[in-house]
Amino acid sequence: MSPQTNRNILIGMAAGVVLGAVAGAVIPDAMLLFGVVGRLFVNALQILLLPLIPAVIIAGIAGLGHASKLGRAAVSTVLYFVATTAIAVVIGTVLVLLFNPGGSTAPDGAFIPDMVARARATSVTDMFGAFIPENLISSLGSGQYLGLVVLSLVFGAVICAMGARAKVVVDFFKAIADITLHIATYVLYAAPIGLFVLVGSAVARNPEAISSVGGNLLWLTITFLLAILLHGLVVLPLMLRFLGHRSPVEYGGKTMPALMTAFGTASSAAALPVTFRNVVDDSHVDARAGALVLPLGVSMNANGTAIYLVIAAIFTAQMFGLSLSIFQVIAIALVSVLLSLGTAGAPGMALFSLTVLFATLQFPVEAYGVIGLLVVVDWLFDRGRAMLNAWGDIVGAAIIGESFEFKTARASRIVTESPMHHRDRAPERRDRRPSEGDSRRGPRDAARERTPRGRGRTSE
C-alpha cells in the first residue's frame, strides 16, 4: 500500500469517526438501522485473527533461530507489559485520589448488571486459567485469545529447536501470514465506512450519556481521560524515544490507522491485522518482534484497562464513603495490574473485570450499583482503553525490536547465510575466463594437471 493510499485511508477514518458521532446525535434511528454494517466490519477483522495470530507468531519466532533467544525475548516482552501497566496504575491512582471524583455521594436507584452474579463467583486465578483453556474454541468465541497465543508460542519454540527439518512448516505459515495481511488490506479500504457506522451507532445507543455526564460522572470522565493522555502522550513516547530509538510523532503517524481502528471497534484485538501491517510493513519494525509482541499484547498488555480498574474502584469507595488505608490502595493497584494482564482485548470486558475486582476486595453489595452507573459512559471509556492498549502494543514492538535478542539473532542469521552465499558463487570462479597468466599455459601443462597424483608423470 502506497504512502498516499495510507494517508487517504487515515483521513477517511478520521472523517468517519467525527461524522459518525455527529450523525449518531442528529439521526440516531438511521444509524441504528445501519448498525449491521459496523458489525460486519468488526467481524471481518476478528475472523482474520484466527489464521493471523498463529501464522505471524510461528513464522516470526522461527526467524530467531534459537529457542533460548525466544525465551529471553518473551521475558523482556512480559517485563515491558508489567512495567507499563504498573506505571499506568500509578498514574490512575494519583489522579483519582487528587481529583476525588466520587465525592462521597452514593448513587440512587442504580441497577446491578447481570454480570455481577457471575463475577462474584470468579476469582483472579480463574481469569488466568485462560493461559491453558479447557476449550480453545469456546475461549476464542468469548474473545479470549491468550490460549491461542500460548499454543502458537510453544509451537514456534519447537520449530526453532527442530531447525531445517521444519522449514516446510515455516514456509507454510509465512504464506498464511502474507495472505491474511493481504486480505486485511482490502478490509482496511472499508474502514472509513465501518468506523462511521460504529461510532454513529454507539452514540445513537447512548443518548442518555450526554445528559448524564454531570457531577460525579463528569469528574470521573475528566480523571480517566487525563490519565489516558498522560500515559499515552508522555510516558509511552518517552519510552519509545529512549528505548526504541524512534520519533514518537513519525511512528505514531504511521500507526494511526491501527489506533483509529482500535478506537472505532473498541477492541485492540480486532485492530490486530491493521496494527501488524502498520508496525511491520509501514514502520519497518523487526517482523519477529511484531510477531511476538503484538499478538501477546492483545491478551496481556492492557494499560488502559488497568487505569480504568484502579480509578473505578477508588471512585466507588469514594462514593460510598469507604475510607481506604495506604495498604488497601496498594492492594487495589496490585489486583488491577493482575486483572488487566488477564483481560481479553474485547469490548465490555473491563466491566466484567471490575466486578471481579470488587469481589476480590470484598466491597459491599451496594457498591456494585456503581457498575450500573458506569455502563452509561463505558462505551466511551471502552474506546479510550482500546486505543491506549493498542498504542502500548505498538510502542512495545519497537522497543523489543531493538533489544539484544533480536540484534544478535539478526547477526547470527547473516553469519549462517554467508557460507551458502560463497558456495553458490563457486561455479562462477570455476567458469571464469582465463587470465593473462593462464593464456601462456600450453597443452603439456594441461596434461600434467589431468594426471592423477601417484601415477606416471609426463616427461619433458
(request) Would you sort out whether I9 and L188 count as a side-chain contact (heavy atoms from CB on, under 4.5 Å), showing the intermediate values? (result) CA-CA 8 Å; I9 291 178; L188 194 58; 4.1 Å; yes

(request) Verify side-chain contact (heavy atoms from CB on, under 4.5 Å) between L296 and T77, making sure each step is shown before the conclusion. (result) CA-CA 9 Å; L296 192 59; T77 302; 4.1 Å; yes

(message) Run the side-chain contact (heavy atoms from CB on, under 4.5 Å) test on T255 and W391 for me, step by step, so that the C-alpha distance in whole Å, both residues' side-chain angles and the decisive distance to 0.1 Å come before the verdict.
(response) CA-CA 9 Å; T255 56; W391 178 230; 3.9 Å; yes

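How far OG of S267 is from CG of D382: 8.5 Å, rounded to the nearest 0.5 Å. Interatomic distance, CD1 of I53 versus CG of L153, reported as 10.5 Å (0.5 Å rounding). Interatomic distance, L48 CG to I183 CD1, rounded to the nearest 0.5 Å: 6.0 Å.
For the pair T223 and F99, the tightest heavy-atom approach, listed with the atom from each and the gap, is OG1-CB, 3.7 Å. Residue A262 comes nearest to S268 through the heavy atom pair CB-CA, 4.5 Å, listed as atom of the first residue, atom of the second, then distance. Residues F224 and R385 approach most closely at CZ-CG, 3.6 Å, considering heavy atoms.
If you run side chain to side chain contact (heavy atoms under 4.5 Å, CB included) between N301 and each of L294, T84, N389, only T84 comes through. Across L259, I228, T261, a single residue satisfies side chain to side chain contact (heavy atoms under 4.5 Å, CB included) together with M387, and that is L259. Just one of V197, L198, V36 meets the side chain to side chain contact (heavy atoms under 4.5 Å, CB included) condition when paired with F41; it is L198.
Residue I193 places its CD1 atom among 12 or fewer non-hydrogen atoms of other residues, nucleotides or ligands, all under 6.0 Å distant. Heavy-atom contacts from other residues, nucleotides or ligands closer than 6.0 Å to CZ of F155 number 12 or fewer.
Evaluation of the salt bridge (Lys or Arg N to Asp or Glu O under 4.0 Å) test over residues 249-266, restricted to residues two or more places apart or in two chains, returns E250-K254.
Aromatic ring pairs are classed by plane angle as parallel below 30°, tilted from 30° to 60° and perpendicular above 60°; the pair Y186 and H182 is perpendicular. Classified by interplanar angle (parallel below 30°, tilted 30° to 60°, perpendicular above 60°), the ring pair F381/Y308 is perpendicular.
Distance alone, capped at 3.5 Å, places no donor-acceptor pair between the S283 side chain and the V280 backbone.
For the salt bridge (charged side-chain N to carboxylate O under 4.0 Å, His left out) test, no residue two or more places apart in sequence or in another chain qualifies with D178.
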